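Shown next, in structure tokens, is the structure this report addresses.
All values derive from a computational prediction rather than experimental measurement. Below, chains carry the letters A, B, ... as their sequence lines are ordered, and counting in each starts from 1.
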Protein chains: 2
Amino acid sequence: MSLIVMKFGGSSVGTTERMGRVAQRIVDKKLQGNRVVVVVSAMGDTTDDLIEKANEINANPPAREMDMLLTTGEQISVALLSMAIHKLGHGAKSYTGWQAGIVTEAVHAKARINDISPDRILNALDQGDVVIVAGFQGMTESGEITTLGRGGSDTTAVALAAAINADVCEIYTDVDGVYSTDPRVVKCARKLDTISYDEMLELAHLGAAVLHPRAVEYAKHNKVNLVVRSSFTNNEGTLVREEAEMEQGIVVRGIAYDKNVVRISVLGVEDVPGVLAKMFGALANNGIDVDIIVQSGVQGGKADFSFTISTADRAKAIDVLASIQTIVPYREVSYEEGLVKVSIVGAGMVSNPGVAATMFEAISSVGVSIKMVSTSEIKVSCVIAAEKVQDVVRALHTAYGLDTADSVFVGGPQDRR
Amino acid sequence: MSLIVMKFGGSSVGTTERMGRVAQRIVDKKLQGNRVVVVVSAMGDTTDDLIEKANEINANPPAREMDMLLTTGEQISVALLSMAIHKLGHGAKSYTGWQAGIVTEAVHAKARINDISPDRILNALDQGDVVIVAGFQGMTESGEITTLGRGGSDTTAVALAAAINADVCEIYTDVDGVYSTDPRVVKCARKLDTISYDEMLELAHLGAAVLHPRAVEYAKHNKVNLVVRSSFTNNEGTLVREEAEMEQGIVVRGIAYDKNVVRISVLGVEDVPGVLAKMFGALANNGIDVDIIVQSGVQGGKADFSFTISTADRAKAIDVLASIQTIVPYREVSYEEGLVKVSIVGAGMVSNPGVAATMFEAISSVGVSIKMVSTSEIKVSCVIAAEKVQDVVRALHTAYGLDTADSVFVGGPQDRR
């Protein structure tokens, strides 16, 4: 008897009919002798409908009230899914995030999970019920309702799997696994049987869409066996686990791209001690994740900084920078949109000095210029203009000999929660 | 500076535009120097839409999961109303039932409030915020989400008003007060300025629609000043308070009717000690409220019982009776639908022996026969066939001289929460 966490995204439960099919799938898993905890997102367009209603009333609603509003989406899902399982003659109990003991930090719209007290869930499992938990949500220690932000339901599933020591956490989605590259861009893409946490993590961070990086991080840290599989077929999916076997001679294992990038430039910053800490500290305190940071050389006591953030944070970042101009004096701020970050990932990269050069060549060969570069031990990222991203991905795929090899890419449209 | 609870029903917040008007009304009340707690129901058709979705999935969903589902309706309302108040430049915080400290008994679909811990609400008021609480819902001591059943939001409002010792609890609805009789049936109906708890309570129990009896009971017990008023006009409304002045010579003060009545007959019940307690105990344990009970004389050790319950409980009642046939032996059960209970109410009735006879005559004068009768110190109720109820109400109104006097009736379509 295994203990299994199954996570279903919004499109998997988008209609009451699909909800019924998911219920059948859950019951089948239980009838195979497993104890089952299910995490589910809001149905299809529910979240968008709620956001639209909010915007009709207030174009700039408080984050606390948005969390209060949006968490109803998952609560509706868990209740209906429980009813669907009862309809099939099996016991089930639904729980909100706070009922499931999910305690988060005191931040709205993108809280991190601090702790899970799974007693209530374990009791329900002991009584033979299927347990259904609302994804994407939690509660602060003072009893405020919070949401986990993008990819939040994946994180809920993995964190629950860790808290109850589940044998496996299955992420059901609308693709049937992790692919060698984006199948919409490169036709010879193949599904992988296994991938390591580190590779998955780099790819997830770099904009690949199936799993949220925070969920992968959580899985790696807690050694949760993750499986990405289709909610529409019975195919095996891809297992994400601690060590995946590497093929000899493969330097670059995957290629990913992130379309959601804006570059902010802060020009003429006074070069006094602590200026960087103040600037990026202020951005971090406002919940803005900064990705690539590039500093030009200092001239006449002034420096120029560029950094990338996600498009959604652009206006807020500029507000934050304006608010700190007295303590971090600078001449001006500008930004550039319509950018994409393309990345190559591979654990063998560190010992292969020509890897970055090959990337620059391949990008140049399709007539694209590189705006920013960032490197780590197992990846190289280039920020480029968005127009030719597909040509660039294809060129890189060929340049690294991936058209036939066992490379990795997490493809498919993003399931936003 | 007064402390005021304002309650708005589902039709008052049925659209985002109406929500905006309610927000303005709340802000006006605050700007008059009051501290304001708002209780709100689910928007317009939200609850019906959720019930429909549930029924698509499971025609007989578990009550626990229905509570989980339906409470999202009020949670959406409170979040949006808070946003609407923020839009007007004022602070507001929304709370679910459990966040507001509303603890109920461990019953689904129609729980009673056991206790309210208002600390969190009082803190928010101290910070200058408008407090918005989801009506109709609470939490059991073990953390299960419950609903309060029909009229639940009225009860939430009154119970909160009692818990925070509010100066007044204003129930905003789609009629502008308590009327001398149903204005849709009798044209000379007039709005009353005041009415006593007892009169309101009898009328509410008898099917009058503006206030739920449980809310009136709670108000009476805790001496909460209740005002019923329109959410669309600035008219004064009707104050429900401890003592309303009685006019001399008025025996019958109000006429009410309840269309939601079914009569169950249990025939040939063995007349052994405790049989009544067992039968009605089993019904009560299953949450079925029994109203009028009539027992025929015992013949050959067997008795016949008839009782009325609300139409919604009919199938359940018959199931319960079937399940206890071994311990309460009887010959058969039958039921009759399409019935109405018409009642006359007045504190002066007890000292006027001819009152009931006048009622029977008036009913007979429009050619209607009486199926059941029940009397108390301040009311007489008759169960009749539904078809001629309007004729009966008009005839009674005239017979008791109410066409010109200050009689009472709570009219208007029911705001279900």
Side-chain angles (χ1 to χ4, degrees), chain A residues 13 15-20 23 42-43 46 49-50 52-62 64-89 91-96 98-101 119-120 123 132 134 139 142-145, chain B residues 13 15-20 23 42-43 46 49-50 52-88 91-96 98-101 119-120 123 132 134 139 142-145:
Chain A
V13 292
T15 62
T16 51
E17 193 229 328
R18 283 188 177 188
M19 190 79 84
M43 292 172 77
T46 309
D49 292 348
L50 291 171
E52 196 186 312
K53 272 216 178 77
N55 285 335
E56 276 174 33
I57 285 177
N58 186 336
N60 190 22
R64 179 190 186 277
E65 303 304 332
M66 277 307 278
D67 281 358
M68 182 68 101
L69 181 69
L70 295 184
T71 48
T72 61
E74 279 75 21
Q75 191 171 328
I76 290 170
S77 285
V78 293
L80 292 177
L81 186 54
S82 175
M83 292 174 192
I85 292 172
H86 279 268
K87 173 77 179 173
L88 297 174
K93 284 220 169 76
S94 66
Y95 297 93
T96 62
W98 63 267
Q99 288 181 315
D119 298 358
R120 202 156 163 190
N123 285 342
I132 305 169
M139 180 179 76
S142 64
E144 295 283 280
I145 293 174
Chain B
V13 292
T15 62
T16 52
E17 194 228 328
R18 283 187 177 188
M19 190 78 86
M43 292 171 77
T46 309
D49 291 347
L50 289 171
E52 197 187 312
K53 271 216 179 76
N55 285 336
E56 276 173 33
I57 285 176
N58 187 336
N60 190 22
R64 179 189 186 278
E65 304 302 333
M66 277 308 278
D67 280 0
M68 182 68 102
L69 182 69
L70 295 183
T71 49
T72 62
E74 280 74 21
Q75 190 172 329
I76 291 170
S77 285
V78 294
L80 292 176
L81 187 54
S82 175
M83 291 175 193
I85 292 173
H86 278 268
K87 173 77 178 173
L88 298 172
K93 282 219 170 77
S94 67
Y95 297 93
T96 62
W98 63 268
Q99 287 182 316
D119 298 358
R120 203 158 163 188
N123 285 341
I132 305 168
M139 182 179 76
S142 63
E144 294 283 281
I145 293 174

Residue, of [options], that accumulates the most heavy atom pairs under 4.5 Å with chain A:
| options | value |
| --- | --- |
| B:Ile57, B:Asn60, B:Thr96, B:Thr16 | B:Ile57 |
| B:Ile76, B:Leu81, B:Leu88, B:Leu50 | B:Ile76 |
| B:Ala23, B:Gly20, B:Ser82, B:Ala84 | B:Ser82 |
| B:Ala92, B:Gly143, B:Pro61 | B:Gly143 |

Give, as side chain, backbone, both or neither, the part of [X] having an atom under 4.5 angstrom from any heavy atom of chain A.
| X | value |
| --- | --- |
| B:Ser77 | neither |
| B:Met139 | side chain |
| B:Glu17 | neither |
| B:Met19 | side chain |

Handout entry: Audit row: B:Glu144, A:Arg120, salt bridge (charged side-chain N to carboxylate O under 4.0 Å, His left out) steps and yes/no
Key = CA-CA 11 Å; B:Glu144 294 283 281; A:Arg120 202 156 163 190; 2.6 Å; yes
Exercise for the section: Check the pair A:Met68 / B:Gln99 against side chain to side chain contact (heavy atoms under 4.5 Å, CB included), numbers first and verdict last. Expected result: CA-CA 11 Å; A:Met68 182 68 101; B:Gln99 287 182 316; 3.2 Å; yes
Problem - Non-hydrogen atoms of B:Glu65 and A:Ala79 that approach each other most closely - result: O-CB, 3.5 Å
Practice task
I would like to know whether B:Leu69 and A:Gln75 meet side chain to side chain contact (heavy atoms under 4.5 Å, CB included); could you show each step before the answer?
Solution key: CA-CA 7 Å; B:Leu69 182 69; A:Gln75 191 171 328; over 6 Å; no
Handout entry: Pairs of heavy atoms under 4.5 Å with chain B: top-ranked of A:Met66, A:Lys53, A:Lys93
Key = A:Lys93
Problem - Top of A:Arg64, A:Lys87, A:Glu56 for chain B proximity - count of heavy-atom pairs under 4.5 angstrom - result: A:Arg64
Practice task
With a 4.5 angstrom heavy-atom cut-off, could you sort out which part of A:Ile145 is near chain B: side chain, backbone, both or neither?
Solution key: both
